[in-house]
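Below, chains carry the letters A, B, ... as their sequence lines are ordered, and counting in each starts from 1. Basis for what follows: all heavy atoms, side chains included, without hydrogens, waters or symmetry-related copies.
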Amino acid sequence: MIVPEKNTDKLDKDVKGPLETPQLDFIRAIIEEDIKAGKHDGRVHTRFPPEPNGYLHIGHAKAICIDFGVAADYGGKCNLRMDDSNPAKESMEFVEAIEEDIRWLGFDWEDRLYFASDYYEQLYEYAEQLVKKGKAYVDDLSAAEIREYRGTLTKPGRESRYRNRSVEENLDLFQRMRAGEFPDGSKVLRAKIDMASGNLNMRDPIMYRILRAKHYRRGNTWCIYPTYDFTHGQSDSIEGITHSLCSLEFEDHRPLYDWYLDQLGIYHPQQIEFARLNLSHTVLSKRLLKQLVDEGHVSGWDDPRMPTLSGMRRRGYTPEAIRDFCDRIGVAKRDSLVNIALLQHCLREDLNKRTQRVMAVLHPLRVVIDNYPEGKVEELDAANNPEDESMGSRKIPFSGTIYIEREDFREDPPKKFFRLAPGREVRLKHAYYITCDRVMKDQRTGEIVELHCTYDPESRGGWTSDGRKVMGTLHWVSAEHAVNAEVRFYDHLFVKEDPFDLKEGEDFKHYLNPNSLEVLSDCKVESTLAEAKPGSRYQFLRQGYFCVDSDSIEQRLVFNRTVSLRDTWAKIEKAQQ
RNA sequence: UGGGGCGUCGUCAAGUGGUAAGACUCAGGACUUUGGAUCCUGCAUCGGAGGUUCGAAUCCUCCCGCCCCAGCCA
């Protein structure tokens with residue numbers, strides 16, 4: 001058979017093209033160029049530089065995945081550095097929490113945990129160098145004056161009357177600042193750059209302030225502290241960082257970092273900025289999250305509704321799901337608001353693979369099987385994961401009285417409802433077919449209190465050989481064997497996709513979801529869960545993924561719903577209304 | 001009105017002059033002892049207007065919109 005040449009050409013092209021050249025985000029593209037050009041001798045060394053003043057959230061996870069991921073991709077290293085230049089807000093508690101969260105996420109900084117506070121002496125020396133070069137001066141202006149002198153976005157600033165002190169005087173004053181001769185806030189060290197610059201960061205930025213605060217690592221050895229801007233760039237330089245990856249808001253700071261590095265004549269890393277993550281239905285800001293904690297809108301930093309890594313961990317998220325999410329959202333420079341549905345998709349996909357199926361009835365409705373032999377109990381086989389035989393199976397007890405889900409029964413079933421209803425037959429997962437004969441109600445309230453059914457002994461295991469079609473399959477739990485449990489349901493923290501899309505005078509808390517937490521205390525779970533340990537994850541058949549909460553104690557199981565299963569029926573039902 | 005960025009499907013996001021990848025969502029359908037999972041199918045002319053070119057999301061010009069910056073926070 002002769003194949004026209006044109007076609008083969010086309011085929012060739014189609015098959016090769018995109019498959020052979022994996023797409024690079026713009027950061028990796030730059031790095032590959034740098035490597036090709038022999039910049040930094042082809043070395044790649046990044047860092048993740050948090051300030052230990054709060055807990056890490058999913059936005060940090062994005063940065064962590066980029067910083068550590070890029071290094072890993074190019075055989076480089078990634079440091080963990082605490083950017084601690086503000087003693088008033090930082091603590092060891094946060095350092096430890098940060099380390100724990102990053103480890104949990106699955107990244108390793110080996111022996112490279114650094115602290116900007118370890119560079120204080122070096123930084124001070126750098127500052128003196130700038131003073132000696134006439135590039136920095138001690139200013140006596142008050143904070144208010146400095147602000148006023150800075151000018152505005154459209155008006156240039158004015159030079160301080162202290163700007164032209166002699167090098168000798170500046171050096172003397174700066175040394176005495178360090179020696180503690182001046183009260184807090186009375187003087188600052190400033191870089192002498194350009195008070196008329198369009199970039200406000202270049203209008204003689206402050207390098208050092210006098211601050212008598214006990215530092216969580218340095219104690220009281222310092223009474224002057226470098227500002228972040230005078231700390232960050234040089235810290236990267238000291239560590240030999242090749243690519244300083246950070247978020248967009250530091251783009252205007254880059255010229256300043258470059259200026260310091262150039263004036264000092266020290267090693268010069270390359271800063272590249274990317275857009276930080278915004279997630280729908282939540283907020284990603286340490287300040288705002290702290291506010292939610294402090295005002296009691298959530299139970300703490302690790303409340304399972306929080307987008308913090310500790311909250312997500314407690315809720316049942318896996319590091320794998322979070323990393324997959326970070327891969328999928330990509331890296332770019334434009335502001336975006338990623339829908340939380342994508343995060344949940346990644347979660348479900350991971351949990352679906354790894355999680356054992358069990359049965360739990362959240363809103364129990366008692367069902368008596370009239371023709372089941374009195375007192376009989378059977379042990380039935382139940383696969384732990386129908387998609388993964390290696391996960392094995394377990395035995396679950398079946399008896400004449402069981403619980404099913406209240407919403408799995410309707411007296412007047414709507415169209416397409418193929419669960420239990422009077423006269424209807426359904427399958428009990430792993431067990432038998434049952435048919436509903438009678439509905440028992442509370443005389444006064446009319447509430448359904450119990451169902452009476454009959455079962456088909458031939459359908460053991462949930463199947464018959466007569467080819468009967470049974471559409472509905474229900475989960476259930478044997479009444480006498482069931483274990484009580486509390487189950488906590490979580491929903492979006494905010495009802496609005498973008499909590500910052502506010503009308504005049506509205507606070508972001510205006511859109512807090514009043515129903516973000518729902519607690520069910522009378523749930524019935526299968527007996528195999530009696531010994532379940534905190535942190536263990538399951539799929540409750542037909543309902544979702546659940547995780548044993550740290551509040552769980554013996555005899556009192558507490559589950560968190562990590563995420564629901566996709567619910568097609570809910571959509572159908574909603575569409576019917 | 002200053003400086004720095006950014007504008008491609010509902011949401012993310014590829015594309016770097018050769019005729020719009022992919023993912024999520026959504027809508028159909030297949031399959032199913034989880035109405036789960038899985039599998040098919042469908043869904044954008046690229047902020048706007050001009051221009052250059054045989055050909056532009058990609059180049060030029062102008063315009064519009066959004067984000068960040070006036071902490072001795074980071």
Quick check on [N]: is either OP1 or OP2 less than 4.0 Å from any side-chain nitrogen or oxygen of [X]?
{"X": "A/His345", "N": "B/C24", "result": "yes"}
{"X": "A/Arg566", "N": "B/U38", "result": "no"}
{"X": "A/Arg427", "N": "B/U34", "result": "no"}
{"X": "A/Arg209", "N": "B/G71", "result": "no"}
{"X": "A/Thr568", "N": "B/G36", "result": "yes"}
{"X": "A/Arg334", "N": "B/U8", "result": "yes"}
{"X": "A/Arg147", "N": "B/G71", "result": "yes"}

So [X], base contact, sugar-phosphate only, or nothing? Heavy-atom distance under 4.0 Å.
{"X": "A/Arg203", "answer": "nothing"}
{"X": "A/Gly461", "answer": "base"}
{"X": "A/Ser85", "answer": "sugar-phosphate"}
{"X": "A/His232", "answer": "nothing"}
{"X": "A/Phe418", "answer": "base"}

(request) Find the partner of B/C26: check Watson-Crick (N1-N3 plus N6-O4 or O6-N4) and G-U wobble (N1-O2, O6-N3) distances, both under 3.5 Å, and reply none if neither fits. (result) B/G42
